[in-house]
Amino acid sequence: MLSPISQAGEFTDLDRFMFESWGYIIIPDVLNKEEVKGCLEASIRIHEKAGTTGWAQVGQGHESEPALESLIDHPAILPKVRALYGDRFVLQSAWCTKQPARGGMGGWHQDGSGAYNFNKLGYPIPLIQLRASYLLTDQSEPRTGNMQMVPGSHRSQAPMPDSIRRERGDLPIGQVICANAGSAILFHNAVWHRTYAHDLDYDRYTMHYIYSPPWVRCSDRFENSKEFLQRTTPMRRYLMGEFERPDAPFGQSYDVPDEFKK
Ligand SMILES: O=C(O)CCC(=O)C(=O)O
C-alpha cells in the first residue's frame, strides 16, 4: 500500500514533497518500548484523574506527567515542525485521546475552529495547527483505533459530502494508518480525518501535540501552570507561548530559544 513514510529528525526535501502532496507523513519507531510504556501509563492516569468515559480527550497532561512533557520537543519531530514554521511557533494544545475498547467509527472532520472555520481564511487552507500524533498502542492492523486520513484532501476545494459525514461512512480514498506503537503522524489541519473503529478489548490512547503560529490561542489550557513554567526547560517554556505583547503584537518580540540561534 502507498504510504508517506518518513524518518525521525531532519525534514528532508522528500518529506516536504510528501507533506505538500498528501498533507501528512508517517514516522515509524519514534518512541522505544520504554517510552511508549511511560507515555501510555501517563495517559491512562490523566484520563482516570479526569474521570473520562467513552471517546474522550484530556489536555495539559504535559504539566503533571514527565513522560508526556518529554514529547513536547521530541528531537524526531521538532526539526520538522521548525522546517515548516520557521523559529516562531507555540504548542497550541496537547490532547491525549482515548478511543475506548470496541469503540465505533469517529466523525470525519478537518481541524480548526467551528467558530470561524479555517476555510474562510483562503485557499489553500493555511497551516495553522500542525499536529504530531504519537501512537501509544499498537495500530499495525486496521480496526485497532487507527487514524484514518484522506490523502491530499487539505487541497480539496470541495467539502466531504454531508451524506458521508452524517453516516460516518467509508469512502474509497480513505487511508487507514497502520503503524506500530511509538510511531508518529505529522499532519496538516486541513486534511480530512477521523478515528477509525477499534474492535479490541482495551482502550486505545494517542497523544496529539498541536503546533501553531504564536498568535493562535491555546485550546487545551486557559493558562500555563506557573510551577511548570519555572521548572521546565527554556525550549519547553518557549513553546508554552508566554510572551510580552504590548509593544510588538503577534509575537514579533518573542525571543527564540538559544537552540534556534545556533
Ligand atoms: O485520536 C484520534 O483518534 C483522533 C483525534 C482527532 O481526530 C482530533 O482530535 O481531531
Side-chain angles (χ1 to χ4, degrees), residues 22-27 30-31 36 39-40 42-44 46-47 50 52-62 68 71 77 91-119 125 127-151 153-154 159-160 164-165 168-171 174-200 202-212 216-221:
W22 280 42
Y24 59 94
I25 54 177
I26 302 165
I27 308 109
V30 169
L31 306 180
V36 170
C39 290
L40 181 59
S43 297
I44 294 169
I46 62 174
H47 274 270
T52 62
T53 52
W55 192 98
Q57 292 191 299
V58 176
Q60 230 169 339
H62 53 274
L68 303 184
L71 302 189
I77 301 297
L91 182 76
Q92 186 260 356
S93 51
W95 294 111
C96 179
T97 307
K98 175 172 69 172
Q99 160 72 319
R102 290 172 290 280
M105 294 290 185
W108 287 109
H109 63 284
Q110 297 169 296
D111 287 338
S113 160
Y116 194 99
N117 201 310
F118 289 178
N119 66 13
I125 297 175
L127 181 64
I128 296 185
Q129 293 184 347
L130 175 62
R131 182 182 287 244
S133 304
Y134 295 83
L135 314 186
L136 301 180
T137 52
D138 180 53
Q139 298 177 27
S140 55
E141 296 292 328
R143 303 190 69 91
T144 54
N146 322 64
M147 298 284 292
Q148 187 177 23
M149 327 279 291
V150 181
S153 54
H154 60 313
M160 185 175 289
I164 293 185
R165 292 191 71 188
R168 304 191 167 199
D170 288 327
L171 73 177
Q175 184 185 30
V176 179
I177 308 288
C178 290
N180 296 332
S183 304
I185 308 168
L186 187 69
F187 70 98
H188 191 298
N189 44 273
V191 174
W192 284 91
H193 63 279
R194 67 168 168 178
T195 310
Y196 206 63
H198 180 35
D199 293 345
L200 301 176
Y202 56 85
D203 298 336
R204 182 231 73 177
Y205 292 88
T206 298
M207 263 315 298
H208 301 273
Y209 292 79
I210 293 126
Y211 302 91
S212 294
V216 174
R217 291 181 75 160
C218 297
S219 68
D220 70 332
R221 54 198 191 271

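Just follow the structure's listing: the first ligand is 1, and inside any ligand the first atom is 1.
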Requested in this report: Considering the heavy atoms of Thr195, write down every atom of ligand 1 situated less than 4.0 Å from one of them.
Outcome: 2 (C), 3 (O), 4 (C)

Query - Steps toward ring pair (Phe, Tyr, Trp, His ring centres under 6.0 Å) verdict (His62, Tyr209) - result: CA-CA 10 Å; His62 53 274; Tyr209 292 79; 7.4 Å; no

Report summary line: Note: Lys98, heavy atoms under 4.0 Å from ligand 1, region reported as neither

Query raised in the report: Which of these, Gln99, Gln139, Gln57, Lys98, sits in a side-chain contact (heavy atoms from CB on, under 4.5 Å) with Thr206?
Result: Gln139

Query - Residue-ligand contact Arg204/ligand 1, heavy atom below 4.0 Å - result: yes

Report task. Identify, by atom number and element, the atoms of ligand 1 in contact range of Thr97, meaning under 4.0 Å from any of its heavy atoms. Result -> 1 (O), 2 (C)

Requested in this report: Can you sort out which atoms of ligand 1 are near Gln57, meaning under 4.0 Å from one of its heavy atoms?
Outcome: 9 (O)

Query - ligand 1 contact on His193 by region, counting heavy-atom pairs under 4.0 Å - result: side chain

Report task. For this output row, return yes or no: ring centroids of His193 and Tyr24 closer than 6.0 angstrom. Result -> no

Report task. Measure the distance from atom 5 (C) of ligand 1 to every protein heavy atom, then report the residue, atom name and distance (to 0.1 Å) of the closest one. Result -> His208 NE2, 3.6 Å

Query raised in the report: Please state which protein non-hydrogen atom is closest to atom 8 (C) of ligand 1 and give its distance, to 0.1 Å?
Result: Arg131 NH1, 3.3 Å

Query raised in the report: Hey, what's the ring geometry for His188 with His154, parallel, tilted or perpendicular (30° and 60° as the breaks)?
Result: tilted

Report summary line: In this structure, atom 10 (O) of ligand 1 is nearest to the protein heavy atom His109 NE2, 2.7 Å

Report summary line: Interatomic distance, CE@Met105 vs CD@Gln148, rounded to 0.5 Å, equals 6.5 Å

Query - Distance filter under 4.0 Å to Asp111 heavy atoms, resulting ligand 1 atoms - result: 10 (O)

**Report entry** Approximate separation, where rounding is to 0.5 Å, of Met207 CE and Leu135 CG
**Finding:** 12.0 Å

Query raised in the report: Picking from Phe118, Phe187, Tyr211, what satisfies side-chain contact (heavy atoms from CB on, under 4.5 Å) with Gln129?
Result: Phe118

